[in-house]
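Worksheet: one structure, shown below.
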Amino acid sequence: MAKQSPKLRTVTKSVSAYPLNQFNSNFPYVLGQEIVYLLASKGRPDLQGDEWEQIFAKCVGADWKPSNVGLDDVVMGNTAWGAKTVKSNIKDFKKLKQIRLISGRNSPVYSYGGTIDTNVDPNVIGEQVLEIWNERVSAIREKFKHLRTVVLVKSNDLSQVAVFEFDTIRYDSDLYEFIWNKNGNLEGYDKGAEHKSANKRFTWQPHGSQFTITEIVPEKTLILKIKQPEKLDKTKILEAIGFDNSWVTIERK
């Protein structure tokens, strides 16, 4: 009797919200509109992380659901994003090569117990720091098939911005080597790199447990230049909405 192959159910591949870094055609204009409104209403180039989360969600038609972990603040179907902002002093954003992202606080003392001693093998601490990150990523990936980080690089005056995404991944500690630098901070480098200074991937500070990841800026990064608006006149706005002292109720004096 001929051996039969088992019958299997058809498996549908999970498709992300959209291909990586392929923003829709309206994205640049919605983003520009939001930044111009922010500049005009605030009167200063101040764009905070939670504001970027909300703006990005609006740009792609997703939901803003801020979380404690910070890796899934924006959600659309089976795709979640963590949103990051970083400043750059480079005059021409087309020359952006890499950026450093503060990626949370990873404390081996809290997670594993004991104390941090810079005389300890740095690779042992480096593995613990990465494992804390990896556990966070795994926990989110249990809920979302696709997990990304979307970055807004901004100039000091918000006249220029760059936006790109990358997949948020786990890191295999075997691929990196760690050292203690002269300031007592931990640095992680790609193994086998000829020039360490150009291949630093991680920085971890024992004091405060701040964890920083260096990311390469992709060639297909969206770059916008923003015309600076005039500041909105507060007095005229209040007059336009009919504000008077009756809008204020003194509950206690």
Side-chain angles (χ1 to χ4, degrees), residues 14-18 20-21 23 31 34 46-87 98-114 116 124-154 162-176 178 185-188 200-218:
S14 177
V15 180
S16 61
Y18 57 83
L20 194 68
N21 278 314
F23 305 114
L31 174 57
E34 292 297 316
D46 179 22
L47 197 166
Q48 300 298 319
D50 59 340
E51 291 171 319
W52 166 231
E53 294 166 7
Q54 295 175 70
I55 289 173
F56 175 73
K58 184 173 184 178
C59 287
V60 297
D63 295 321
W64 178 53
K65 296 182 177 181
S67 72
N68 293 330
V69 178
L71 295 178
D72 57 341
D73 298 305
V74 179
V75 174
M76 181 162 59
N78 62 2
T79 307
W81 292 262
K84 300 286 186 181
T85 66
V86 61
K87 282 188 177 182
Q98 63 182 30
I99 47 110
R100 295 176 67 238
L101 296 177
I102 296 174
S103 302
R105 298 189 183 279
N106 295 6
S107 174
V109 173
Y110 175 82
S111 298
Y112 295 97
I116 298 298
V124 172
I125 305 302
E127 182 178 355
Q128 293 177 344
V129 169
L130 290 187
E131 192 55 32
I132 295 169
W133 167 265
N134 290 341
E135 285 300 311
R136 289 191 188 127
V137 173
S138 294
I140 302 301
R141 283 193 174 275
E142 288 181 0
K143 297 187 293 182
F144 299 98
K145 178 69 175 177
H146 302 278
L147 182 60
R148 299 176 179 178
T149 300
V150 60
V151 180
L152 177 77
V153 187
K154 55 188 181 180
V163 183
F164 66 92
E165 301 173 301
F166 57 87
D167 289 316
T168 308
I169 63 171
R170 292 170 53 95
Y171 296 103
D172 184 348
S173 59
D174 290 338
L175 300 178
Y176 306 97
F178 291 85
N185 296 328
L186 192 69
E187 295 180 347
K200 184 166 71 172
R201 195 65 197 277
F202 311 109
T203 303
W204 180 76
Q205 299 174 350
H207 178 68
S209 301
Q210 183 172 287
F211 180 52
T212 302
I213 303 176
T214 299
E215 295 290 346
I216 303 299
V217 177

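Although no hydrogens or angles enter the test, the distance criterion places a donor-acceptor pair under 3.5 Å between the side chain of N21 and the main chain of E165. Formation of a donor-acceptor pair under 3.5 Å by the N78 side chain with backbone atoms of K145 is not found in this model. No donor-acceptor pair closer than 3.5 Å links the side chain of D167 to the backbone N or O of I169. Looking at K65, its side chain never comes within 3.5 Å of a backbone N or O of V75 through a donor-acceptor pair.
To the nearest 0.5 Å, atoms CZ (R170) and CG (L147) are separated by 12.0 Å. Atom CG of L130 is separated from atom CZ of F178 by 4.0 Å, given to the nearest 0.5 angstrom. In this structure, H146 NE2 and W81 CH2 are separated by 10.0 Å, a value rounded to the nearest 0.5 Å. In this structure, NZ on K84 lies 13.0 Å from CG on L152, to the nearest 0.5 angstrom. Rounding to the nearest 0.5 Å places CG of D72 at 11.5 Å from CZ of R141. To the nearest 0.5 angstrom, E215 atom CD is 7.5 Å from S103 atom OG.
Checked by atom type, the side-chain pair T79/R148 shows no donor-acceptor distance below 3.5 Å. For the 3.5 Å distance criterion, the side chains of E187 and N185 fail to qualify, holding no donor opposite an acceptor. Counted by atom type alone, W64 and Q54 present zero donor-acceptor pairs between their side chains at under 3.5 Å.
The shortest heavy-atom contact between N106 and V129 is ND2-O, 3.1 Å. Of all heavy-atom pairs between E53 and P66, the closest is OE1-CB, 4.3 Å. Contact detail for Y18 and V60: the closest heavy-atom pair is OH-CG1, 3.9 Å.
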Check your understanding: Between F23 and V163, does a side-chain contact (heavy atoms from CB on, under 4.5 Å) hold up when you go through it step by step?
Key -> CA-CA 10 Å; F23 305 114; V163 183; 3.9 Å; yes

Exercise for review: Applying side-chain contact (heavy atoms from CB on, under 4.5 Å), run through E131 and Y112 and close with a yes or a no.
Suggested key: CA-CA 11 Å; E131 192 55 32; Y112 295 97; 3.4 Å; yes

Point to revise | Candidate pair W52 and V150, rule side-chain contact (heavy atoms from CB on, under 4.5 Å), full reasoning | key: CA-CA 10 Å; W52 166 231; V150 60; 3.9 Å; yes

Review point. Does the pair R201 and I213 meet the rule for a side-chain contact (heavy atoms from CB on, under 4.5 Å), with working shown?
Key: CA-CA 6 Å; R201 195 65 197 277; I213 303 176; 4.1 Å; yes

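The 12-atom threshold is not exceeded at CD of E127, counting heavy atoms of other residues, nucleotides or ligands nearer than 6.0 Å. For I116, the CD1 atom sits in a packed shell: over 12 heavy atoms of surrounding residues, nucleotides or ligands are nearer than 6.0 Å.
Side-chain contact check for W204 versus I132: every heavy-atom pair is 4.5 Å or farther apart.
Aromatic ring pairs are classed by plane angle as parallel below 30°, tilted from 30° to 60° and perpendicular above 60°; the pair Y171 and Y176 is perpendicular.
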